[in-house]
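Just so it is clear, the values below take in all heavy atoms, side chains as well, and ignore hydrogens, waters and symmetry mates.
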Protein chains: 2
Amino acid sequence: MFDFPMYLELRHLRTLQAIRATGSLAAAAARLHVTQSALSHQIKALEQRFDTALFFRQSRPLRLSPAGGLLADLAERLLPEVAVVEQRLADMALGRQGRLHIAIECHSCFQWLLPTMDRYREDWPGVEMDLSLGFSFHPLPALVRGEIDLVVTSDPDPDLRGIHYEPLFRHEVLLAMHIGSPLARKAWLAPQDLAAATLITYPVCRSRLDVFARFLEPAGVEPAAVRTSELTVMIIQLVVSRRGVAALPSWALDEYRDQGQLIARPLGRGGLWSPLYAAVREASREAPFIEAFLGLARAVTAERLSGIEPLGA
Amino acid sequence: MFDFPMYLELRHLRTLQAIRATGSLAAAAARLHVTQSALSHQIKALEQRFDTALFFRQSRPLRLSPAGGLLADLAERLLPEVAVVEQRLADMALGRQGRLHIAIECHSCFQWLLPTMDRYREDWPGVEMDLSLGFSFHPLPALVRGEIDLVVTSDPDPDLRGIHYEPLFRHEVLLAMHIGSPLARKAWLAPQDLAAATLITYPVCRSRLDVFARFLEPAGVEPAAVRTSELTVMIIQLVVSRRGVAALPSWALDEYRDQGQLIARPLGRGGLWSPLYAAVREASREAPFIEAFLGLARAVTAERLSGIEPLGA
DNA sequence: ACATGAATATGAAAATAATTCATGTTATTT
DNA sequence: AAATAACATGAATTATTTTCATATTCATGT
């Protein structure tokens, strides 16, 4: 009759489970909202497929055979797991659950990102969070590939389709130097002022450093020396010990500035302002758990960072 | 497009698993022996059903979204379980595995049944065995209902359909008495000889006791007294201490007879012979693991029990 | 045993659902 | 910027599942 196919499917497990629970085909059919005939056919096909009876017919109430019991046991184990996953998927679709793997390209962003994440975790316990540092790899392609879900970046790549850049705020990049530095006497600095200086930067490509990309290189100026350090505290140390100067976000300097050793000056007459974006996939942009994160990030930065100018919605 | 249905099925899990394993729809399709188009449609339907993307399209190799990963994880957990059960079902169909729940109606059958089960277990480790005593319930209907799989009985019920009675052997029922009993002087006993005796029996319905059903009742004789005991050893005790006489299978007496206190005599001139059957469902009759058990039971009884006459195949 | 009611089985038709085919799009590579 | 490989899509096809109508089987009471 049925020539061959007949893979075991969850439908069959639901049927076996219902049959065992109700003790009759008819009742099981009612519970599953199908006709008794449908189940009878289904059972028959299974029995042919496995070449064994699934229940004993000459008795009522129906009793499953050992083979039928095996399948019903399987149903009892698997179906609850399936239900759990379906529920989680539903939650995900509603945006109440999700995954938020964040990568940052901006070394000094910890200052506001960690508090943001802490507060976020309280409201969205169903969201699985992770943070990785996007210094050694390129976070935006990873965002496209779905390896991560949000990238904090200051240089959007407009070529990438399907990525939305949500502006967070603009902040001023200041040149930090020792209070006794000759450059400290100027109200603001011109590119040429750095020609004789040692510039301390994070160890990343110059095109991703605003001092170079938007201040020195346009003017064709190269500092006397460049040295790098991974950590903001270390950079500050070097500046305080008069080993060089460094361009840093104004808020990154706040906690050190009032120690009296450090002074900061704008880069250029109007200052060097840099935007910061949260890049997310278009597909996840409207998920509530993403929107909530962006909103919280804005609130936290506006509250805790000085010298920034909020951007975006 | 698809208006509504779309239950999650194992097919979908197999698809997700293959996609994650291969990193592409096309490769997954090849592995599952369907076209790439089939999987594309399948995925699309799932995405509509769960209202969420299952993988990121703007990247190759394909990467599953969190939702897709959830389903693939589920697949990884469930499919192996399904495979195990399918394998066990195949084994059952071939009769290499099965369930052998045995019930006995015959009190003294332990003597040969336990050794039989012990030896059987060695050869058929895949068969789940159990033994229950069918004294307080009726084992044959339970056999029909599939609660048990084999009943050792001496009175077949021909009304039950679908039950096959496999003859094992005939054995003689002897009357055991104290060696000094006046009855012991006779070469064989007539029903009337018991009219003055105390008869000790197992505590079951008279119709299931051959002494009554086939010896005393046909002759219209009632013993002077009847008392019962559950255990064969206890019955022997009572007989030895001259509290009465008992009708028991000859082999059940073997281990006590040579203690010199006990003597046994045939019931009637030709002796009272009783057959023993193994009742199984027609459906399971030809399963190798059942046939093997029957064969072994015959071998063990022929080897260990005296005074029996093998029956059947 | 026989009738009766309830439950399961069955075949054919109808309804659904899954798959393929042919082709269009989109991504990656050279 | 082609070229190529991979995925998406709509229509047609094929396969499967379900229903409908009805037959058979089982359980029970007389």
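In this structure, the side chain of A/S65 engages the main chain of A/A53 through a donor-acceptor pair within 3.5 Å.
Remark: B/R206 qualifies as a cation-pi partner of B/F212 under the 6.0 Å distance and 45° angle criteria applied to the six-membered ring.
Rounded to an integer number of Å, the gap from CD of A/E9 to P of C/dT16 is 20 Å. The distance between atom CZ of B/R11 and atom P of D/dA15, rounded to the nearest whole Å, is 15 Å. B/L46 has its CG atom 14 Å from the P atom of C/dA17, to the nearest Å. As a whole-Å value, the separation of B/H33 NE2 from D/dT14 P is 22 Å. Distance A/F55 CZ to D/dC26 P: 12 Å, rounded to the nearest Å. Summarising the geometry, the separation between CG on A/L62 and P on C/dA9 is reported as 7 Å, rounded to the nearest angstrom. In this structure, B/M6 atom CE and C/dA15 atom P are separated by 21 Å, rounded to whole Å. Per the geometry, CG belonging to A/L160 stands 15 Å off C1' belonging to C/dT26, to the nearest Å.
Using N1 to N3 plus N6-O4 or O6-N4 for Watson-Crick, or N1-O2 and O6-N3 for G-U wobble, each under 3.5 Å, D/dT30 pairs with C/dA1. Base pairing annotation: C/dT25 forms a Watson-Crick or G-U wobble pair with D/dA6, both donor-acceptor distances under 3.5 Å.
In this structure, A/S37 and B/A27 both approach DNA chain D, and ranking their closest nucleotides by distance from the 5' end singles out B/A27.
Side-chain atoms of B/K44 lie closest to D/dG10 of the nucleotides D/dC20, D/dG10, D/dT17. The nucleotide whose nearest atom lies closest to any side-chain atom of A/R57 is, among C/dG11, C/dA9, D/dT17, C/dA9. With distances taken from any side-chain atom of A/T35 to the nucleotides D/dG10, D/dA8, D/dT18, the minimum falls on D/dT18.
Donor-acceptor pairing under 3.5 Å, judged by distance alone, is present between the side chain of A/Q36 and the base of C/dA9. Taking 3.5 Å as the limit, the base of C/dT8 and the side chain of A/S24 contain no donor-acceptor pair of atoms between them. Side-chain to base pairing of A/H41 with D/dT19: one donor and one acceptor N or O lie within less than 3.5 Å of each other.
At a threshold of 4.0 angstrom between heavy atoms, the contacts of A/A38 include nucleobase atoms, whether or not backbone atoms are also involved. Residue contacts for A/L39: at a heavy-atom cut-off of 4.0 Å it reaches no nucleic acid atom on any strand shown.
In this model, the phosphate group of D/dT17 is not approached by any side-chain N or O of A/Q42 to a distance below 4.0 Å at OP1 or OP2.
Ion pairing of B/R14 with B/E9 is absent here, as no side-chain N (NZ or NE/NH1/NH2) approaches a carboxylate O to less than 4.0 Å. A/E147 has a carboxylate O that lies under 4.0 Å from a charged side-chain N of A/R145, or vice versa, which qualifies the two as a salt bridge.
The OH atom of A/Y277 lies 13.0 Å from the CD atom of A/E105; values are rounded to the nearest 0.5 Å.
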